[in-house]
Novice: 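Let me give you the structure first, and then I'll get to my questions.
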Amino acid sequence: MSAIATTLQSMLDSTAVHPWADLPSALQASIAQAIMPDASPDCVVYPSTVEHLAEVMTRAHGEGWRVLPCGYGSKLSWGGLAQDVQVVLSTQRLNRVLDHAVGDMTVTAEAGMPLAVLQQTLARQGQWLPLNPFYGDRTSLGGMVATGDAGSLRQRYGTVRDLLIGLSLVRADGQVAKAGGRVVKNVAGYDLMKLLTGSWGTLGLLTQLTFRTYPLPETSRTVVVTGSAEAIALLGQALLASSLTPTDAEWVVAPGLDWSATPAQISLVCRFQSIAVSVETQADQLSQMAAALSLPCQIYRDDAEATLWRAIAQQWDNEAPALTCKFGVLPVRAAQVLDKMQAMVSIDVAAINAGSGVGHLQVPITDDAAQCITHLRQLCNAQGGFLTLLRAPAALKQQVDVWGYTGNAIALMHGIKHQFDPQNLLSPGRFLHGV
Amino acid sequence: MVAATAGIDWRAIAQDFAQIVGDRHVVQRREELLVYECDGLTSYRQRPALVVLPRTTEEVAQIIKVCDRHHIPFVARGSGTGLSGGALPLQDSVLIVTARMNQILDLDLENQRVVVQPGVINNWVTQAVSGGGFFYAPDPSSQIICSIGGNVAENSGGVHCLKYGVTTNHVLGLKIVLPTGNIIDTGSKIPDMPGYDLTGLFVGSEGTLGIATEITLRIVKAPEAIHVLLADFTTVEASGQTVSDVISAGVLPAGMEIMDNFSINAVENVVTTACYPRDAAAILLIELDGLETEVAANSQRVEAICRQNGARSIRTAIDLQERLTLWKGRKAAFAAVGQISPDYYVQDGVIPRTQLPYVLREIEALSQQHGYRVANVFHAGDGNLHPLILYDNAVPGELEKVEDLGGDILKLCVAVGGSISGEHGIGADKRCYMPAMFSETDMDTMQLVRQVFDPQRIANPDKLFPTPRTCGEAARARAQQHFSDVERY
Ligand SMILES: Cc1cc2nc3c(=O)[nH]c(=O)nc-3n(C[C@H](O)[C@H](O)[C@H](O)COP(=O)(O)OP(=O)(O)OC[C@H]3O[C@@H](n4cnc5c(N)ncnc54)[C@H](O)[C@@H]3O)c2cc1C
């Protein structure tokens with residue numbers, strides 16, 4: 001066993017430290033996706049208290065060990081490759097709900113809490129955290145925050161940054177700090193919640209998170225309309241210009257699903273969640289708008305609706321090697337961009353949120369993947385947007401720029417990283433331009 | 001620490017500024033500087049050395065470069081309506097006023113985005129987009145005078161933020177002149193750009209991380225229907241419980257406001273709405289908006305919840321005129337209190353909603369203990385309290401006592417798990433209370449950010465965080481020690 005693992009075992013109980021060689025191969029493979037090839041970490045550590053986690057980090061800081069924070073590892077395959085990682089620090093055992101203030105509609109939980117379990121806890125009180133990130137069945141709260149992965153409900157509820165109201169973290173030097181609070185309105189101090197959301201484990205280890213919760217909606221309906229890019233774009237514009245209030249509205253291409261199987265067509269998938277009378281009226285109004293454009297329209301409810309959403313999620317979630325990208329374009333161009341993407345690559349699944357223009361795309365890996373990425377990125381950049389590589393083979397990630405940042409604030413971002421983590425111990429190299 | 005400013009040749013600096021913005025836009029005469037010596041928190045005053053009014057990002061950058069070169073602190077100022085002394089100048093500082101940066105640069109209705117200069121007044125945005133059926137959601141009561149730049153710096157809220165969120169939820173991008181004079185762009189019309197969320201970090205940073213010179217805002221579709229309900233209660237507890245019950249029932253009103261008996265009477269004395277019963281312990285205003293059918297149904301549910309909680313009477317307003325009538329008293333609350341007392345001090349604290357009845361009883365006890373009357377007006381939906389403490393500034397020593405009471409109220413908010421500010425900011429006024437909420441390490445961690453943006457500490461220094469010099473021993477911090485070098489009124 002390595003010296004690092006031995007040291008850590010002497011600090012924590014032995015079940016908390018798993019030397020690399022003892023890990024199940026599936027876990028090894030999953031971690032390998034987050035780091036540069038040909039080097040493996042010494043061990044994975046599972047502290048079960050914040051104090052332990054802080055002790056490990058303090059030691060790492062003293063010894064100069066480089067650390068890859070993770071939760072359940074569901075998104076280790078996303079983003080850049082970390083370099084020379086010695087310790088993988090998992091928050092999996094920090095998995096308690098600390099306080100569900102039911103009447104105040106806030107919840108504080110540890111970062112290793114699985115989102116799905118939190119949702120069950122909240123649901124017992126008729127509440128939820130209106131976020132539906134990728135791999136939601138096995139994502140931890142910390143992982144969701146660190147990747148800023150919110151999901152399509154952003155149409156109504158915003159994203160992680162809008163719902164996260166407080167946090168605690170262990171800094172690179174092992175100190176525990178907090179920001180924000182447990183109330184929904186609070187302007188005291190800098191908003192470190194925003195800074196940490198989407199920081200990919202480069203600034204600190206998230207330990208506790210407080211979110212604003214919402215009442216579970218009474219009923220739900222999903223409307224799916226499929227047609228040519230042009231017609232669907234018109235429908236989307238009509239929807240956004242109307243007073244309808246969908247919780248989820250996306251342009252979708254998913255050849256794996258019956259309703260989306262016709263080539264060169266795009267679907268608008270629109271979900272309404274509210275009281276019965278409202279969702280019915282809204283679904284009706286949208287189908288009338290579709291009818292006015294001679295577009296066929298299908299309304300899903302109850303079990304059929306649940307099945308529909310599961311099917312969509314499954315399109316993204318498969319073991320087969322694939323290239324997954326996140327991108328953004330001006331909302332008004334979204335349908336057109338999807339159409340162009342369809343012409344450029346063979347799409348497994350793609351979706352763009354109607355209000356924000358933020359989308360995701362999954363395509364099979366081809367020999368000319370690097371070139372494809374360049375072209376797709378050019379397409380997004382030309383619409384004022386961006387394209388970031390989430391999942392891709394390591395070789396490809398080494399070959400192309402993963403993040404696609406085009407702005408002028410890199411020096412400042414480096415400065416922030418340097419202040420928070422001067423020795424570059426946390427997820428080194430995983431974030432953009434070596435941050 | 002304030003950068004050393006001894007021996008500054010202000011005449012030379014003024015000349016530098018004049019070259020950048022033109023003579024007319026550099027203010028240096030004593031009497032003209034007077035209007036800039038305080039913001040909305042008028043109890044602190046400090047004349048700046050110079051005031052400069054740039055018009056473009058480039059001019060701001062050049063001005064800041066001069067400050068950077070000479071280690072001169074600068075303070076940004078929008079409309080000066082801030083209530084925490086954020087725009088209060090420091091001795092030997094330059095005040096950079098954004099009033100001339102008042103252009104709406106891009107109205108992009110298709111994408112529901114608007115790009116503005118920082119001096120644009122909040123409600124100009126809604127005016128500019130309402131023709132297209134949109135509005136800009138964050139609506140501080142000061143919306144007809146406060147600037148978007150100030151809103152960004154304070155992360156201002158408004159009556160409708162319960163449903164729509166506060167400023168930070170509506171700012172997508174910024175152009176920022178850093179305290180070094182360098183210019184960066186953060187975010188864009190499209191959210192989730194790769195990289196750290198510098199936009200989110202900057203919003204609410206109270207002018208300590210630089211000056212925002214362009215702001216990209218999200219606008220929202222105007223609702224189809226609006227109902228306003230006014231209910232009155234014989235106990236404040238009942239009104240608080242109603243608020244909780246409405247939200248638990250799954251209804252998310254645009255706003256919910258409570259006024260206590262004292263505020264009701266102040267308002268009725270001054271503006272005589274004849275809507276708010278003088279003998280009510282509290283009135284609750286609830287605004288519901290959205291689709292016609294949804295609002296109608298929710299309106300009935302809310303009415304039922306009010307009745308279950310013992311509301312004596314309920315009035316529902318649907319057309320605009322009637323709605324304005326119901327809102328009139330709430331909107332006039334601060335002014336009304338201003339008329340029944342020579343002076344009042346506005347406190348801004350947040351509590352978990354369910355603590356409302358307890359906290360109000362405690363505030364009443366504190367009010368009696370300190371011997372000052374307190375009128376309570378608050379954004380009840382999100383637990384944001386605005387106790388107004390009545391006093392007479394002409395009596396020497398009163399302000400200090402009132403600030404003590406205000407401080408006790410803040411500590412009460414923190415004790416029940418709340419915050420020392422919901423929307424007015426920390427500024428100069430509350431930084432000595434920061435240790436009540438945050439540990440040394442918490443604040444050091446925040447300061448790491450400041451260090452990156454402002455290594456010389458020239459951007460609104462001495463604000464937001466306590467310093468040994470300004471607060472002495474944090475635990476014994478007293479508001480009145482904040483600006484010992486500042487004249488007091
Ligand atoms: C009657 C009244 C009612 C109010 N109601 C509300 C309310 O309902 N909700 C609420 O949240 N607030 C309210 N306020 C407080 C105040 O109006 C807000 O804080 C507002 O956002 C301040 O805007 P301003 O333009 O006046 O900013 P200023 O007071 O000029 O400045 C405020 C802060 O912003 C900084 N700043 C200004 N411009 C910039 C810039 N371009 N870049 C960086 N920093 C900058 C300043 O340095 C200062 O720290 C009220 C105030 C009054 C007087």
Side-chain angles (χ1 to χ4, degrees), chain A residues 101 103-105 148 158-159 161-162 171 175-179 181-192 194-195 197-199 215 217-218 240-241 243 245 274-275 277-278 281-282 328-332 356-358 384-386 388 403-405 407-409 412-413 415-416 419-420 432, chain B residues 110-112 154-155 157 161 165-166 168-169 184-186 188-198 200-201 203-205 221 223-224 244 247-248 250 290-291 293-294 297 350-354 382-384 417-423 425-426 434 437-438 441-442 445-446 448-449 451-452:
Chain A
D104 300 314
M105 306 198 87
T159 59
R161 84 196 279 280
D162 301 298
R171 299 193 314 207
Q175 296 285 311
V176 180
K178 66 175 183 308
R182 293 188 183 187
V183 279
V184 296
K185 207 166 166 203
N186 177 11
V187 298
Y190 291 144
D191 193 341
L192 299 188
K194 304 280 188 294
L195 180 61
T197 301
S199 65
E218 253 171 52
L240 292 178
S243 34
T245 52
S274 180
I275 50 177
V277 47
S278 168
T281 319
Q282 298 200 65
V329 292
L330 286 173
V332 73
S356 66
V358 174
F386 66 92
T388 294
W403 297 96
Y405 176 72
N408 55 13
L412 197 83
M413 292 187 202
I416 292 176
Q419 281 291 325
F420 276 76
L432 67 174
Chain B
E110 265 188 337
N111 288 299
Q112 312 196 355
E154 302 289 6
N155 190 13
C161 67
V166 292
T168 192
N169 309 111
I184 60 163
D185 297 281
T186 72
S188 80
K189 285 184 181 176
I190 304 160
D192 287 17
M193 285 281 180
Y196 295 134
D197 182 1
L198 300 176
L201 183 60
V203 176
S205 63
K221 196 75 193 132
E224 197 177 88
S244 289
I247 293 184
S248 318
L291 284 180
T293 45
E294 189 171 289
V350 189
I351 56 164
R353 203 168 35 227
T354 48
D382 40 31
N384 190 182
S419 168
I420 58 175
S421 180
E423 55 182 22
I426 304 301
M434 283 288 276
M437 260 184 95
F438 298 110
T441 316
D442 301 342
T445 308
M446 293 177 189
L448 295 175
V449 171
Q451 185 60 30
V452 181

Novice: Can you name the residues that form a side-chain hydrogen bond (donor to acceptor under 3.5 Å, both in side chains) with A/T388, not counting sequence neighbours?
Specialist: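 Residues passing side-chain hydrogen bond (donor to acceptor under 3.5 Å, both in side chains) with A/T388: none at all.
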Novice: Of the listed residues (B/V166, B/L198, B/I420), which shares the most heavy-atom pairs with chain A below a 4.5 Å separation?
Specialist: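 Answer, by heavy-atom pair count under 4.5 Å with chain A: B/L198.
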Novice: Under a 4.5 Å heavy-atom cut-off, does chain B meet the side chain of A/T281, its backbone, both or neither?
Specialist: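 Only the side chain of A/T281 comes within 4.5 Å of chain B.
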Novice: Answer with side chain, backbone, both or neither: which region of A/I416 has an atom nearer than 4.5 Å to a non-hydrogen atom of chain B?
Specialist: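 A/I416 touches chain B through backbone and side-chain heavy atoms alike.
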Novice: As a quick check of understanding, evaluate side-chain contact (heavy atoms from CB on, under 4.5 Å) for A/R161 and B/T168, giving each step before the final call.
Specialist: CA-CA 10 Å; A/R161 84 196 279 280; B/T168 192; 4.2 Å; yes
Novice: Is it the side chain or the backbone of A/A179 that comes within 4.5 Å of chain B heavy atoms, both, or neither?
Specialist: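 Both backbone and side chain.
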Novice: Between B/N155, B/L201, B/D185, B/I190, which has the largest tally of heavy atom pairs under 4.5 Å with chain A?
Specialist: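 So the answer, after comparing B/N155, B/L201, B/D185, B/I190, is B/I190.
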Novice: Considering only heavy atoms, which portion of B/I351 lies under 4.5 Å from any heavy atom of chain A: side chain, backbone, both, or neither?
Specialist: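 Backbone only.
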Novice: Check whether A/V332 gets within reach of chain B through its side chain, its backbone, both or neither, counting any heavy atom under 4.5 Å.
Specialist: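 Both the backbone and the side chain of A/V332 come within 4.5 Å of chain B.
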Novice: Applying side-chain contact (heavy atoms from CB on, under 4.5 Å) to A/L432 and B/Y196, what does each step give before you reach the verdict?
Specialist: CA-CA 9 Å; A/L432 67 174; B/Y196 295 134; over 6 Å; no
Novice: Sort A/I275 into side chain, backbone, both or neither according to what part of it lies under 4.5 angstrom from a heavy atom of chain B.
Specialist: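 Side chain only.
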Novice: Do you know which two heavy atoms are closest between B/G157 and A/K185, and how far apart they sit?
Specialist: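 Scanning both residues completely, I find the closest heavy atoms to be CA-CE, 4.3 Å.
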Novice: Go through A/G189, A/P217, A/G158, A/G198 and name the one with the most non-hydrogen pairs under 4.5 angstrom from chain B.
Specialist: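 Highest number of heavy-atom pairs under 4.5 Å: A/G189.
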Novice: Hey, are the side chains of A/D191 and B/D197 touching, using non-hydrogen atoms and a 4.5 Å cut-off?
Specialist: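 A side-chain contact under 4.5 Å is absent here.
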Novice: Looking at B/Q112, B/M437, B/E154, which one has more heavy-atom pairs under 4.5 Å with chain A than the rest?
Specialist: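 If we count pairs closer than 4.5 Å to chain A, B/M437 comes out on top.
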